[in-house]
Novice: 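Take this structure, written in structure tokens, and hold onto it; I'll ask about it next.
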Amino acid sequence: MSTQTVIGEGHVERPPPLVRWYAEHRRAVFGTLVAILFLLFWEGLSRGWWADALRPLIGHAADPLLVPPIFISSPSRIAAEAWRMFVVTREIWSDLRFSAMEYALGLGAAIAVGMPLGLASGWYRRLSYAVGPFLAGFNATPQVALLPLIIIWVGFGLAAKILIIFALAVLPIAISAQSAVRTTDARLLKVAHSFGAGEWHLFRTIILPSAVPFLLAGLRLAVGRAMIGIVVGEIFGSAVGVGAMINRSGSRFETDKVFVGVLVIAAAGMLLAELVHQIERRVEAWRPSV
Amino acid sequence: MAVKLEARDIRLEYYQPRTDTRLVALDGVNLTVMDGEFVSIVGPSGCGKTTFLSVVDGLIAATNGRVMVNGRVVSRPGPDRAVVFQDASLLPWRTVERNVVYGLECLGIADAEAKARARKFIDMVGLSGFEHHYPHELSGGMQQRVNLARALVMDPEVLLMDEPFAALDAQTREGMQEELLRIWLQAKKTVLFITHQIDEAIYLSDRVVVFSGRPGRVKEIIEVGMERPRRLTVKREARFHAIEDRIWGLIEEDLKSRIAGDRPPDTPRD
């Protein structure tokens, strides 16, 4: 066997290149393979490949395997539509810009309010007593149900979108910040007190660094929930935005366009989650690798 | 020799809201430690020795009595005392060097000077070359060395050590004990050392204070009177065993009276 380890002769035989390549990329290989199979299956459904192949065997029982593109579109149609919208007519860019702006403002506001509020209520017991019921109640509310109210308050404009994204994203950020402070290692707090650290120094050197993993985990949750806000917020009275485009295309049975919009949002969400993940890895260089 | 540390009539009561009772953790503890002396406190678990150390450090305020360093009453943590904690309690996101300078940082000492001072003590505890390692990359013994360096760099009048070797395996512990004596001779510090290991207390100390439990009190103070520097082999000598037996006798007596006594150990006296 070529992969056998030779003991006592001072060297180990290297496995052949293909085996090594597979061992290094096993994860990617499996992921890609399943993705390709899924796309093929989908394409086949809309083009009737599977129905045609099985009809000689099971007759009309194979008919449900042909699904008209108006219901499920198909990978090739979606790709063509995406090409058209991004490159040929460039019509999607204005929607993207608008949605990205409301997303950035809404999430930014959620961070700016949620993090300090969460950290402070984790640290000051009285503040946590004061805002506790409010947070719990707000957490139990389906925030999208607030949309009609928000529209009554601020109208159909950009402000409404920012507010609904804010409402969806602020809780995971505030709650994770609060529990981050609460779970600070009591032994480290004792060390800081013993060395005479002042309140601000204690916060900066003990509480904040140990809270970072929680803060980023909360942020990762918030990034996803804020994406929901884009679509929900643009349901009513919005002419621009990726969510508005999805809603409009859906009502016209332009399935391909709907899928392009959904995929754009999904891709943006994954990209942002990965970004947060990369930040997590960088700031946690001190953590033992598991 | 001058008196360095003095604890006079320390009494500590806790109020327990659940049972509406007062628990007496420490009752009339008197202790004097001379300049440059190494004093250990041993006693049955739960006798309040660690609590006493926290009172001396100023983390817990005594109900009665006072603690003095160089004749000055202390009531809160200060740079004249530094603690070597039971679990290394290092900041996991800081390297060895950044952990050692932590206390200096709290005093507002400039970074360059703090690092220069840290280097000396990292060297003293034998961790040169590990300045930029993170705690999780070190063994338990090495983490305790960082813990020790972090306290020594403060140049305290009194070094307070709270069972620093309790979590180490037996062999590492013996090695650390020998190391500690070497560092103590080099740094010339007054040390108050808490442990539940009787042989550790005798081997390290000039005097061993035996606490009795619940409430914590000084039961007896034993002069070790063995020459220094000491080798670990002293632990196998007859005179060492004699002191060990005596301390064991005192602790056993305490445990027995507690078991035989007509009150459960947690019942407060008053």
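Residue numbers begin at 1 in each chain, while the letters A, B, ... track the order of the sequences.
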Novice: Kindly assign one of parallel, tilted or perpendicular to the pair A:Phe203 and A:Trp200, based on the angle between their ring planes and the thresholds 30° and 60°.
Specialist: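 Parallel: the ring planes of A:Phe203 and A:Trp200 meet at under 30°.
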Novice: Any donor and acceptor pair, going by atom type alone, linking the side chain of A:Tyr103 with main-chain N or O of A:Val223 inside 3.5 Å?
Specialist: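 It does hold such a pair.
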Novice: Would you say OH of B:Tyr15 has more than 12 non-hydrogen atoms from neighbouring residues, nucleotides or ligands within 6.0 angstrom?
Specialist: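 Yes, enclosed.
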Novice: Would you say B:Gln186's side chain and B:Ile183's backbone share a donor-acceptor pair under 3.5 angstrom?
Specialist: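 No, the answer is negative, given that no donor and acceptor are paired below the 3.5 Å cut-off.
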Novice: Of all the residues in residues 172-197 of chain A, which have a heavy atom that comes within less than 4.5 Å of a heavy atom in chain B?
Specialist: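 When heavy atoms of chain B are the reference, residues 172-197 of chain A contributes A:Arg187, A:Leu188, A:Lys190, A:Val191, A:Ala192, A:His193, A:Ser194, A:Phe195, A:Gly196, A:Ala197 within the under-4.5 Å range.
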Novice: In residues 89-104 of chain B, which residues are in contact with chain A at a heavy-atom separation under 4.5 Å?
Specialist: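 At a heavy-atom separation under 4.5 Å, chain A is reached by B:Ser89, B:Leu90, B:Leu91, B:Pro92, B:Trp93, B:Arg94, B:Tyr102, B:Gly103.
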Novice: If you count heavy-atom pairs under 4.5 Å between each of B:Glu137, B:His133, B:Glu105 and chain A, which one has the most?
Specialist: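 Greatest number of close heavy-atom pairs with chain A: B:Glu105.
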Novice: Ignoring hydrogens and geometry beyond distance, is a side-chain donor-acceptor pair present between B:Thr172 and B:Asp169 at under 3.5 Å?
Specialist: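 A donor-acceptor contact under 3.5 Å links the two side chains.
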Novice: We want to know whether B:Thr195 and B:Glu200 form a side-chain donor-acceptor pair, criterion being a heavy-atom distance below 3.5 angstrom.
Specialist: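 A pair is found: one side chain offers a donor N or O, the other an acceptor, under 3.5 Å apart.
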Novice: Under 4.0 Å between a side-chain nitrogen and a carboxylate oxygen: does that hold for B:Asp162 and B:Lys49?
Specialist: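 Salt bridge flag = no for B:Lys49 with B:Asp162.
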Novice: Salt bridge check, B:Lys4 against B:Glu157: does any charged N sit closer than 4.0 Å to a carboxylate O?
Specialist: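 Salt bridge between B:Glu157 and B:Lys4, a charged N being under 4.0 Å from a carboxylate O: yes.
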Novice: Measure up the B:Phe38 and B:Trp184 rings against each other and bin them: parallel (under 30°), tilted (30 to 60°), perpendicular (over 60°).
Specialist: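 Geometry flag for B:Trp184 against B:Phe38: perpendicular rings.
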Novice: Let me know if B:Gln86 has heavy atoms under 4.5 Å from chain A in its side chain, its backbone, both or neither.
Specialist: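 Contact with chain A: none, neither part.
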Novice: Looking at every non-hydrogen atom in both residues, tell me the closest pair between A:Ile230 and A:Ser99 and how far apart they are.
Specialist: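 Nearest pair, atom of A:Ile230 first, then A:Ser99: CG2-OG, 3.8 Å.
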Novice: Listed by residue number, which members of residues 113-138 of chain A have a heavy atom under 4.5 Å from any heavy atom of chain B?
Specialist: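 Interface residues of residues 113-138 of chain A: none, nothing closer than 4.5 Å to chain B.
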Novice: So does B:Glu6 pair up with B:Arg8, basic N to acidic O under 4.0 Å?
Specialist: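 Looking at B:Arg8 together with B:Glu6, the answer is yes, because their closest N to O distance falls below 4.0 Å.
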Novice: Taking B:Lys115 first and then B:Asp111, would you say they form a salt bridge - that is, a charged N and a carboxylate O separated by under 4.0 Å?
Specialist: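 Salt bridge present between B:Lys115 and B:Asp111.
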Novice: Is it true that A:Glu280 and A:Arg220 make a salt bridge, defined as a side-chain N closer than 4.0 Å to a carboxylate O?
Specialist: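 Judged by the 4.0 Å cut-off on N to carboxylate O distance, A:Glu280 and A:Arg220 do form a salt bridge.
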Novice: When rounded to the nearest 0.5 angstrom, what distance separates CG in B:Leu5 from OG1 in B:Thr32?
Specialist: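 The distance works out to 8.0 Å.
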Novice: Step through the shown structure and confirm whether more than 12 heavy atoms of other residues, nucleotides or ligands are within 6.0 Å of CD on A:Gln278.
Specialist: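 Yes, enclosed.
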Novice: Salt-bridge test for B:Arg117 and B:Glu113: reply yes if a basic N is under 4.0 Å from a carboxylate O, no otherwise.
Specialist: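 Salt bridge: yes.
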Novice: Sub-4.5 Å heavy-atom contacts with chain A: which residues of residues 73-85 of chain B show up?
Specialist: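 The residues closer than 4.5 Å to chain A, in numerical order, are B:Pro77, B:Val83, B:Phe85.
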Novice: Please determine whether a side-chain nitrogen of the Lys or Arg among B:Arg119 and B:Glu131 lies less than 4.0 Å from a carboxylate oxygen of the Asp or Glu.
Specialist: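 Looking at B:Glu131 together with B:Arg119, the answer is no, because their closest N to O distance does not fall below 4.0 Å.
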